[in-house]
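The figures that follow rest on heavy atoms only: side chains count, while hydrogens, waters and symmetry mates do not. Residue numbers begin at 1 in each chain, while the letters A, B, ... track the order of the sequences.
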There are 2 protein chains.
Amino acid sequence: MTVRETIRRETPNLTASERKIANAVLADYPYGALQTIQELAERSGVSAPSITRFVSKIGFAGYQEFQRQLIGELREGSRSPLDLKATERLSRSDFVADYARRSAAIVSSMASAVSQEQFDRIVALLSDQSRAVFLLGGRISDTIARLLSQHLRQIRPRIHHLPANQEDWPDHVMSMRRQDVVVLFDFRRYQPDIAKLAERVAVNRRATVILVTDKWMSPIARHSDHVVALPIENDTAWDTALCAVAFIEALIVKVSEADWPSTKARIETWETVRLSPPTMKNGDGTDA
Amino acid sequence: MTVRETIRRETPNLTASERKIANAVLADYPYGALQTIQELAERSGVSAPSITRFVSKIGFAGYQEFQRQLIGELREGSRSPLDLKATERLSRSDFVADYARRSAAIVSSMASAVSQEQFDRIVALLSDQSRAVFLLGGRISDTIARLLSQHLRQIRPRIHHLPANQEDWPDHVMSMRRQDVVVLFDFRRYQPDIAKLAERVAVNRRATVILVTDKWMSPIARHSDHVVALPIENDTAWDTALCAVAFIEALIVKVSEADWPSTKARIETWETVRLSPPTMKNGDGTDA
DNA sequence: TCCACGTTGAAAAAAAATAGTCAAACGAGG
DNA sequence: CCTCGTTTGACTATTTTTTTTCAACGTGGA
């Protein structure tokens, strides 16, 4: 019986504070608990005596014995992944584990949905600072688009996240030049307004359109230069945005590496500016 | 420079007793040294003061720092089995596939960071429509928080996503009642403003605070009733939000299932309303 | 609303670990 | 064989850590 299992088993009997401790211990297991009581108390947000009560409640004679057991596990663990197997078997029945496993499968299937060549082309477009980048997503997917915007802003200038309100679009559209890049996110329940925007951008402004969508392909695809069709199915009532997130995070990594010194410098400047004035933020995260 | 190397390098300068200690430490490295001074002294066949002299001689401030260093090494070392392999193969030619694989691994590790019990408790809180729900995230994580808000809004009423601007918070905070739920997202580069909000909410309004953070634990943990500590490390310069997304999607599935007929009815109504008038959207996705 | 119970953290006590002191033991060189 | 310098461990002081005590607090039930 590992400490982890013991804690899991005792969870139902724990009080609120004790549960916080349990979380802190399990969150960074087992190293999180290889500290003094004080430090663990600090990290868990409870008092030191609560830690003592916690360890005795889950069946140890004292904090030291508890730590000794953890070190013992560590030592055993380095020999055989026994604990891992046990944990896995234990968690077969729960939803979280199951969901995690399924999600992982979907994420790994992303690789077959995006070819390396396509990825590289998109990275090249986004890394080219002579091109402005405009982003927009649908009702739900706009939050994903915004994740990309936020990160890109840290890496390079001229990132424009279009506001949700259609009426504000024309201004932005008019400022697009032919060499610019428009990244659209549109998953099923495709939105006509975005399709319209895409068409206008493609036809009138001739900007490069990158579309991130699902395998059923938003109608925007016909106006897009690059279409990334990601898996979104989950076997639940809800589609998953995981692949989209994984995809944009992969993009971020590569775009930032394209000119890392510049990225680093920019982030540092950014931090300085952010920290000095008492936070004066732009309300909705879009640029004006 | 590992402790082992340090010891090896210093060996020539050691006295007989000190060499005994060195042998004892290296013989069962690093576990042999993860004991009290007394035990190590016993095992080495020397006295406790010799141990003290030994550790200071090889350049540590004291026995504790020495042990801490060892634990640190252990922790670094343990990252290798899964991640190091991935890092090695982070090849240019197949970046997407590698990234997908690593991302999948991280997502599947989510299961060990979130226990089923904890998950169930959070689902119960969010499913309880008598509780209003307030959400907020940090600079980047707010987009994740927003994803949750968006979905929750489709499922149930009284979802309030706090605006990014701090000055608008007091209004919302004042409307919080004791039975309400506040969901905060805060990943490293923890933001003081959010911590302040959390404290005020916990102390003044006594609402239930759910914190989604990373294993280093945002200082908000101290004021939170439920702390979800997710893996975010990626071996890239950027932290990943994948687990956070997977987590909230899992939440969504279960919260929506808690009262599926009601959820379904609500979504249908929602669709009708959304499609009929020529889209009049709320600018930033927060409620007024 | 009030009461009884369980939970919590501050403070103090207890225990332990660690560092310091000093004299004895040891060994090298005379 | 003696002397000096080094090393060593018993003893002690100090610091740190852990545990216990106890009062206050919040919670849930009457």
Practice item. Could you list by number each residue of residues 117-128 of chain B showing a heavy-atom separation from DNA chain D of less than 4.0 Å, or answer none if no residue does? Key: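 Within residues 117-128 of chain B, no residue comes under 4.0 Å of DNA chain D.
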
**Study point:** Proximity to DNA chain D (any heavy atom under 4.0 Å), residues of residues 6-18 of chain B only
**Key:**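 Those residues are B:Thr15, B:Ala16, B:Ser17.
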
Practice item. Give a yes or no on whether a salt bridge exists between B:Asp193 and B:Lys196, defined as a side-chain N under 4.0 angstrom from a carboxylate O. Key: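 Between B:Lys196 and B:Asp193 there is no salt bridge, as every charged N stays at least 4.0 Å from the carboxylate O atoms.
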
Point to revise | Note: B:Lys57-B:Glu18 ion pair, threshold 4.0 Å (strictly below) | key: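 Judged by the 4.0 Å cut-off on N to carboxylate O distance, B:Lys57 and B:Glu18 do form a salt bridge.
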
Review point. Using a cut-off of less than 4.0 Å, is there contact between a side-chain N or O of B:Ser50 and OP1 or OP2 of D:dG9?
Key: yes

Practice item. Sugar-phosphate atoms are those with a prime plus P, OP1 and OP2; base atoms are the rest. Using that split, label each nucleotide of nucleotides 20-28 of chain C B, S or - for protein heavy atoms under 4.0 Å, 5' to 3'. Key: B--------

Revision key, fill the gap. Nucleotide by nucleotide, nucleotides 12-17 of chain C touches protein heavy atoms under 4.0 Å in the pattern (B base, S sugar-phosphate only, - none) ----SS

Exercise for review: In sequence, state the C-alpha distance, the side-chain angles, and the governing distance for B:Phe187 and B:Ile232, and then conclude on side-chain contact (heavy atoms from CB on, under 4.5 Å).
Suggested key: CA-CA 9 Å; B:Phe187 292 93; B:Ile232 58 167; 3.7 Å; yes

Practice item. Please collect all ring pair (Phe, Tyr, Trp, His ring centres under 6.0 Å) contacts where either partner lies in residues 131-154 of chain B, sequence neighbours excluded, each pair once. Key: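 Passing the test, one end in residues 131-154 of chain B: A:Trp238-B:His151, B:Phe134-B:His160.
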
Please name all residues satisfying salt bridge (charged side-chain N to carboxylate O under 4.0 Å, His left out) with [X], sequence neighbours left out, ordered by chain then number.
X        : result
A:Glu39  : B:Arg68
B:Asp128 : B:Arg131
B:Asp225 : none

Measure [atom1]/[X] against [atom2]/[N] and give the value in whole Å, please.
X        : N      : atom1 : atom2 : answer
B:Phe54  : D:dT8  : CZ    : P     : 12 Å
B:Ile51  : D:dT7  : CD1   : C1'   : 15 Å
B:His223 : C:dG9  : NE2   : P     : 12 Å
B:Arg19  : D:dT7  : CZ    : P     : 11 Å
A:Lys20  : C:dT8  : NZ    : P     : 9 Å
B:Gln179 : D:dG28 : CD    : C1'   : 15 Å
A:Lys57  : D:dT20 : NZ    : C1'   : 17 Å

Practice item. Give the angle between the helix axes at the two ends of the helix from C:dT1-D:dA30 to C:dG30-D:dC1, taking five base pairs at each end and rounding to 10°. Key: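 It works out to 20° between the end axes.
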
Exercise for review: Select from B:Arg206 and A:Gly62 the residue whose nearest nucleotide in DNA chain D is closer to the 5' end of that strand.
Suggested key: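 Of the two residues, A:Gly62 wins.
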
Hydrogens and angles aside, do [X] and [Y] bring a side-chain donor and acceptor to less than 3.5 Å of each other?
X        : Y        : result
B:Ser112 : B:Ser109 : no
B:His161 : B:Asp142 : yes
A:Thr2   : A:Glu73  : no
A:Asn234 : A:Tyr99  : yes

Check your understanding: Taking only residues two or more places apart in sequence or in another chain, which ones pass ring-ring contact (aromatic ring centres under 6.0 Å, His included) with B:Phe119?
Key -> A:Phe95

Point to revise | Atom of A:Leu242, atom of A:Ser103 and distance for their closest heavy-atom approach | key: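 Distance-wise, the nearest heavy atoms are CD1-CB, 3.3 Å.
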
Practice item. Only counting residues at least two apart or in another chain, list the ones meeting side chain to side chain donor-acceptor pair (under 3.5 Å) with A:Ser17. Key: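 Side chain to side chain donor-acceptor pair (under 3.5 Å) check on A:Ser17 returns nothing, list empty.
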
Point to revise | Residues which pass side chain to side chain donor-acceptor pair (under 3.5 Å) with B:Lys254, listed by chain and number, not counting sequence neighbours | key: B:Glu257

Exercise for review: Kindly indicate, with the supporting measurements, whether the criterion side-chain contact (heavy atoms from CB on, under 4.5 Å) is fulfilled by A:Gln150 and A:Gln154.
Suggested key: CA-CA 7 Å; A:Gln150 298 269 27; A:Gln154 287 186 63; 5.5 Å; no

